[in-house]
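What follows is a single structure, written as structure tokens, with notes after it.
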There are 2 protein chains.
Amino acid sequence: MTKAKEKILNAASRLFHEQGYNSTGINEIIAAANIAKSTLYQHFASKDQLCIAFLERRHQQWFAQLCQVVDPVVGEQAKLLALFDFIMQMNEKEEFRGCSFLNILSEISVEEQSAILQVIQQHKTDLQDYITAISQGTYAHLADHIYFLFESAIIESQLYREQTPVLKIKNIVKSLL
Amino acid sequence: MTKAKEKILNAASRLFHEQGYNSTGINEIIAAANIAKSTLYQHFASKDQLCIAFLERRHQQWFAQLCQVVDPVVGEQAKLLALFDFIMQMNEKEEFRGCSFLNILSEISVEEQSAILQVIQQHKTDLQDYITAISQGTYAHLADHIYFLFESAIIESQLYREQTPVLKIKNIVKSLL
DNA sequence: GTAAAATCGTACCGACTTGTCTGTTTTTAA
DNA sequence: TTAAAAACAGACAAGTCGGTACGATTTTAC
């Protein structure tokens, strides 16, 4: 990846995640990235395409971090509980800004921006599959249940800007296992 | 309430809910409401204030509809399950647009629009209290758990634009009761 | 060293943003 | 009927929006 392209993606990622998609202008992105507007449009055909590139990269990075937390943990039960430690880590690191994918879902027009919707759906499907995978064995029947609680944990902690909901949900999951 | 004020609130409600807050302009609202811009600003000091008025009215109407579905149902267990019938009704009626409160949460700046954040938090707190209230008795210990699954049901059905997640979650709750 | 590719700055486009202001017309109520 | 309140249309401000076009300059690679 070119140096400029990376600078654009880094700036856009930070701004989209911090302020939201619609609240972040192209001019703000090029100022933050310290590149020319023409350079941006040489790498990305439109703001929506830049959004997709952002989401696709975030998808990879987000999963990498998730695996980094969960995979080393030994034991099915402990792995499933580690999911919620990961949420708490992200909340701290990113100041309770929640899930970029769900945030952008709230901003787009499903009809006119269906390409973005697809990336968001894919991300969540992959997450659900991941949880199903680590649930294989004793807790296979709880996979979806835990996925739904995982989603709630992200949203409720974003809403109240505190870890309390994650801790509550982690305890609920503990009681299920 | 004045006739004009109501027309403004009706138009703004529809547009905010259908398109989102930031994607809806003042000019679009006054055109849809068929009123003059000066009339809008006579009733609402700013777009943010209009947003708060919208959320407060939606809070009332939403709860009224929820109670209309749940309250007539007899039996604690059946009441708790009816929560998810309500979600499905809303999904159908509103084409899977999800929760206005969470959608707007994703759009605002928590620092600069804290008045809006408060209304959103209050709405969710009231919902949680409501579920706690109808759980009183045998299922008091499940109140929070069901609230979290309720939230997930709204979001996941918005994401995939189908009732499947609600039905899945309703079955999960059934297995808990 | 030279040619190609990348990036540059900036002006420009038309449309849109929230909000204010002015003066006129309509509605309401005593 | 008259006075006050409400709503009207529309111009205006000062800026932002996403996106295009321009030629000039820098970087890269052979």
Side-chain angles (χ1 to χ4, degrees), chain A residues 1-55 103-104 106-117 119, chain B residues 1-55 103-104 106-117 119:
Chain A
M1 181 142 44
T2 325
K3 210 145 241 164
K5 189 166 185 177
E6 210 161 351
K7 282 205 290 182
I8 296 165
L9 217 36
N10 286 339
S13 298
R14 186 173 57 79
L15 292 169
F16 287 163
H17 186 63
E18 283 179 10
Q19 314 179 345
Y21 181 59
N22 289 328
S23 302
T24 301
I26 291 288
N27 293 322
E28 203 177 351
I29 295 171
I30 65 166
N34 207 30
I35 52 99
K37 189 182 278 198
S38 34
T39 306
L40 187 150
Y41 280 99
Q42 200 166 317
H43 290 289
F44 304 97
S46 65
K47 197 191 173 190
D48 271 16
Q49 283 304 118
L50 177 55
C51 180
I52 289 173
F54 154 61
L55 289 177
N103 285 340
I104 288 179
S106 295
E107 294 208 60
I108 61 168
S109 155
V110 170
E111 293 82 25
E112 295 160 28
Q113 293 166 296
S114 59
I116 295 177
L117 175 63
V119 180
Chain B
M1 182 140 41
T2 323
K3 211 145 240 163
K5 189 166 185 178
E6 210 162 351
K7 284 205 290 181
I8 297 165
L9 216 36
N10 287 339
S13 296
R14 186 174 59 79
L15 292 169
F16 286 163
H17 186 62
E18 283 180 12
Q19 315 179 345
Y21 181 59
N22 288 329
S23 301
T24 302
I26 291 288
N27 294 321
E28 203 177 352
I29 295 170
I30 64 165
N34 207 30
I35 51 100
K37 187 181 280 195
S38 33
T39 306
L40 187 150
Y41 280 100
Q42 199 167 319
H43 289 288
F44 303 98
S46 66
K47 196 190 173 190
D48 272 15
Q49 283 303 118
L50 177 55
C51 179
I52 289 173
F54 154 61
L55 290 177
N103 286 341
I104 289 179
S106 294
E107 294 208 59
I108 61 167
S109 156
V110 171
E111 292 82 25
E112 294 160 29
Q113 292 165 297
S114 60
I116 295 177
L117 175 63
V119 179

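Protein atom CG of Asp48(A) is 10 Å distant from nucleotide atom P of dG18(D), rounded to whole Å. When rounded to the nearest whole Å, the span between CG of Leu50(A) and C1' of dG19(D) equals 13 Å. Across the protein-nucleic acid pair, Gln42(B) atom CD and dT27(C) atom P stand 16 Å apart, rounded to whole Å. A straight line from NZ of Lys3(A) to P of dC8(C) spans 13 Å, rounded to a whole angstrom. Note: OH (Tyr41(B)) to C1' (dC8(D)) measures 17 Å, nearest angstrom. Whole-Å rounding puts the Glu28(B) CD to dT18(C) C1' distance at 14 Å. Separating the OH atom of Tyr21(B) from the P atom of dT17(C) is a distance of 13 Å, rounded to the nearest angstrom. To the nearest angstrom, P of dT16(D) lies 18 Å from CD1 of Ile26(B).
Judged by distance alone, the side chain of Ser46(A) and the main-chain N or O of Gln49(A) form a donor-acceptor pair under 3.5 Å.
Not one side-chain nitrogen or oxygen of His43(A) sits closer than 4.0 Å to the OP1 or OP2 atom of dA6(C).
In this structure Asn10(A) satisfies the side chain to side chain donor-acceptor pair (under 3.5 Å) test together with Arg57(A), sequence neighbours excluded.
When the C1' atom is compared between dG14(C) and dG23(D), the two are found 24 Å apart, to the nearest whole Å.
Summarising the geometry of Gly20(A) relative to Thr24(A), their closest heavy-atom pair is O-OG1, 2.8 Å, with the distance given to 0.1 Å. Of all the heavy atoms in Asn34(A) and Lys7(A), the pair that sits closest is O-NZ, 3.7 Å. The minimum heavy-atom distance linking Leu9(A) with Phe54(A) is given by the pair CD1-N, 3.9 Å.
Within residues 31-40 of chain B, the residues approaching DNA chain D are Asn34(B), Ile35(B), Ala36(B), Ser38(B), Thr39(B), by heavy-atom distance under 4.0 Å. Of the residues in residues 10-20 of chain A, not one places a heavy atom less than 4.0 Å from an atom of DNA chain C.
By the 4.5 Å heavy-atom criterion applied to side chains, Tyr41(A) and Ile26(A) are counted as neighbours. Side chains of Phe16(B) and Leu50(B) form a contact here, defined as non-hydrogen atoms less than 4.5 Å apart. Looking at Ile8(A) and Ile30(A), their side chains never come closer than 4.5 Å, going by heavy atoms from C-beta outward.
When each of dC17(D), dT18(C), dT7(C) is scored by its nearest atom to the side-chain atoms of Asn27(A), the top-ranked nucleotide is dC17(D). For Ala4(A), whose side chain is taken as the heavy atoms from C-beta onward, the closest listed nucleotide among dG19(C), dT7(C), dA7(D) is dT7(C).
For the pair Lys47(A) and Tyr21(A), the cation sits on the ring face: its NZ or CZ lies under 6.0 Å from the ring centre, inside 45° of the axis.
In this structure, Thr24(B) reaches the sugar-phosphate backbone alone: every heavy-atom distance under 4.0 Å involves primed, P, OP1 or OP2 atoms, never a base.
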